[in-house]
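Data block below; observations after.
Computed from heavy atoms alone, side chains included, the values below leave out hydrogens, waters and symmetry copies.
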Amino acid sequence: MSVRKVVRYGEESLRQPSKEVHKVSQKIKVLVDDLLDTMYAQNGVGLAAPQVGENYRVFVIDVSTGEQPLNPMVFINPKIIKKSGACISHEGCLSFPEAFTDVRRYANVMVKAMDRNGRAFILEAKDGSLLARAIQHEFDHLDGILFIDHSINRFEADEVLKKYNLPPVQVEKLLDEPELAKQIDELKAKQIEDEKT
Ligand code: ZN
């Protein structure tokens, strides 16, 4: 088990799609353990294999906080089988040190994957929880998609990236998400309404 170097935004490997795992071999188990060690060493909530330069469909998440015991979750060959609702997610990424911005996410997701022992499981995460958002963020890494591609305001995202000496938003990678955008506009309007009352 070891802590690996995290690939930074700007390096091309973060944009490459990852391959399916055919067998949860010893090599994949070592990768999983290294992902966990690296995530904990960096105080991250999640980490995907391409972020340590390994383009396999594997990521890890731990949403435990404070005094709670660690709760490592391993996802191998994940598939998002259901998604619904929308939420605004204030996100960062270990490949973007210190940079946070608001992005669009689904509020609820159901994911099917294999654990470290190659056993299949299904997990549901709801209500825009940290877990629901982290699953979408890490899943995206496996397809070369980054959180800034979901930016609610790309100009704000650019400001933040510039502040931390990271390359700008890649405009051609921005995702068109009309359905999520519409729901988020409604959420924002409601928040303003709530603040008035
Ligand atoms: Zn990330």
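At distances below 3.5 Å, not a single donor-acceptor pair connects side-chain atoms of Gln183 with backbone N or O atoms of Leu180. Judged by distance alone, the side chain of Glu138 and the main-chain N or O of Ile135 form no donor-acceptor pair under 3.5 Å. Without hydrogens or angle criteria, Thr38 side chain to Asp34 main chain gives a donor-acceptor distance under 3.5 Å. Using modelled atom types, one side-chain atom of Asn153 and one backbone atom of Phe155 make a donor-acceptor pair closer than 3.5 Å. Between the side chain of Arg133 and the backbone N or O of Gly128, at least one donor-acceptor pair lies under 3.5 Å. No donor-acceptor pair under 3.5 Å is formed between the side chain of Arg8 and the backbone N or O of Ser95.
The existence of a salt bridge linking Arg15 and Glu12 is excluded, since no basic side-chain nitrogen approaches an acidic carboxylate oxygen closer than 4.0 Å. Between Arg104 and Asp149 no salt bridge is recorded (no basic side-chain N to carboxylate O distance below 4.0 Å). Comment: Lys190 engages Asp194 in a salt bridge, judged by a side-chain N to carboxylate O separation of less than 4.0 angstrom.
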Show your reasoning for whether side-chain contact (heavy atoms from CB on, under 4.5 Å) applies to Arg57 and Asp143.
CA-CA 9 Å; Arg57 301 189 76 82; Asp143 293 319; 3.1 Å; yes
Evaluate the criterion side-chain contact (heavy atoms from CB on, under 4.5 Å) for residue pair Glu54 and Ser13; output intermediate values, then yes/no.
CA-CA 9 Å; Glu54 299 258 18; Ser13 66; over 6 Å; no
Under the side-chain contact (heavy atoms from CB on, under 4.5 Å) criterion, do Asp115 and Ile76 qualify, and how do the steps go?
CA-CA 6 Å; Asp115 65 16; Ile76 299 173; over 6 Å; no
Candidate pair Asp102 and Lys188, rule salt bridge (charged side-chain N to carboxylate O under 4.0 Å, His left out), full reasoning
CA-CA 12 Å; Asp102 284 341; Lys188 281 187 155 175; over 6 Å; no
As a quick check of understanding, evaluate side-chain contact (heavy atoms from CB on, under 4.5 Å) for Ile184 and Glu177, giving each step before the final call.
CA-CA 10 Å; Ile184 282 168; Glu177 301 171 305; over 6 Å; no
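Annotation for Pro50 and Val7: closest pair O-CG2, 3.9 Å, computed over non-hydrogen atoms. When all heavy atoms of Ala157 and Val169 are compared, the closest pair comes out as CB-CG2, 3.9 Å. Nearest heavy-atom pair, Ala86 versus Leu187, reported as atom, atom and distance to 0.1 Å: O-CD1, 3.6 Å. Closest approach of Lys29 to Arg116, counting heavy atoms only: CE-O, 3.3 Å. Residues Leu166 and Ala99 approach most closely at CD1-CB, 4.0 Å, considering heavy atoms.
Judged as a salt bridge (Lys or Arg N to Asp or Glu O under 4.0 Å), not a single pair has a partner in residues 159-171 (not counting sequence neighbours). Sequence neighbours left out, the pairs with a member in residues 66-93 that pass salt bridge (Lys or Arg N to Asp or Glu O under 4.0 Å) are Glu20-Lys79, Glu91-Arg105. Screening residues 30-57 for ring-ring contact (aromatic ring centres under 6.0 Å, His included) gives no qualifying pairs among residues at least two apart or on separate chains. Counting only residues at least two apart or on different chains, the ring-ring contact (aromatic ring centres under 6.0 Å, His included) pairs with a member in residues 104-130 are Phe75-Phe121. Among pairs with a residue in residues 76-97, those fulfilling ring-ring contact (aromatic ring centres under 6.0 Å, His included) read Tyr9-Phe96, His90-Phe100, Phe96-Phe147, at least two apart in sequence or across chains.
Hydrophobic clustering of Ile, Leu, Val, Met, Phe, Trp and Tyr side chains at less than 4.5 Å, counting indirect connections, keeps Val45 apart from Leu94. Hydrophobic cluster membership is shared by Leu131 and Val111, with clusters built from Ile, Leu, Val, Met, Phe, Trp and Tyr side chains linked at under 4.5 angstrom. Note: the hydrophobic cluster containing Val74 does not contain Leu123 (ILVMFWY, side chain heavy atoms under 4.5 Å, direct or indirect links). Residues Val63 and Phe139 are members of one and the same hydrophobic cluster, defined by side-chain heavy-atom contacts under 4.5 angstrom among Ile, Leu, Val, Met, Phe, Trp and Tyr. Under the 4.5 Å side-chain heavy-atom criterion for grouping Ile, Leu, Val, Met, Phe, Trp and Tyr, Val32 is not connected to Val30 through any hydrophobic cluster.
Between Val109 and Glu124, every side-chain heavy-atom pair lies at or beyond the 4.5 Å cut-off. Two residues are said to be in side-chain contact when any heavy atoms from C-beta on lie closer than 4.5 Å; Val103 and Ile148 fail this criterion. Side chains of Asn117 and Val24 form no contact here, defined as non-hydrogen atoms less than 4.5 Å apart.
Applying the salt bridge (charged side-chain N to carboxylate O under 4.0 Å, His left out) criterion to Lys23, with sequence neighbours excluded, gives no partner residue. In this structure Asp185 satisfies the salt bridge (charged side-chain N to carboxylate O under 4.0 Å, His left out) test with no other residue, sequence neighbours excluded. The side chain to side chain donor-acceptor pair (under 3.5 Å) search around Ser18 returns Asn55, not counting sequence neighbours. Residues satisfying the side chain to side chain donor-acceptor pair (under 3.5 Å) criterion with Asp158, sequence neighbours excluded, are absent altogether. In this view, Ser64 and Asp62 satisfy the side chain to side chain donor-acceptor pair (under 3.5 Å) rule, not counting sequence neighbours. Evaluation of the side chain to side chain donor-acceptor pair (under 3.5 Å) rule for Gln16 yields no partner, not counting sequence neighbours.
Hydrophobic cluster membership of Val3, counting Ile, Leu, Val, Met, Phe, Trp and Tyr whose side-chain heavy atoms lie under 4.5 Å apart directly or via other members: none, as it forms a cluster of its own.
When each of Leu36, Val60, Val58 is paired with Leu47, the side chain to side chain contact (heavy atoms under 4.5 Å, CB included) condition holds for Val60 and for no other.
Atom CZ of Arg4 sits in a crowded spot, with more than 12 heavy atoms from other residues, nucleotides or ligands closer than 6.0 Å.
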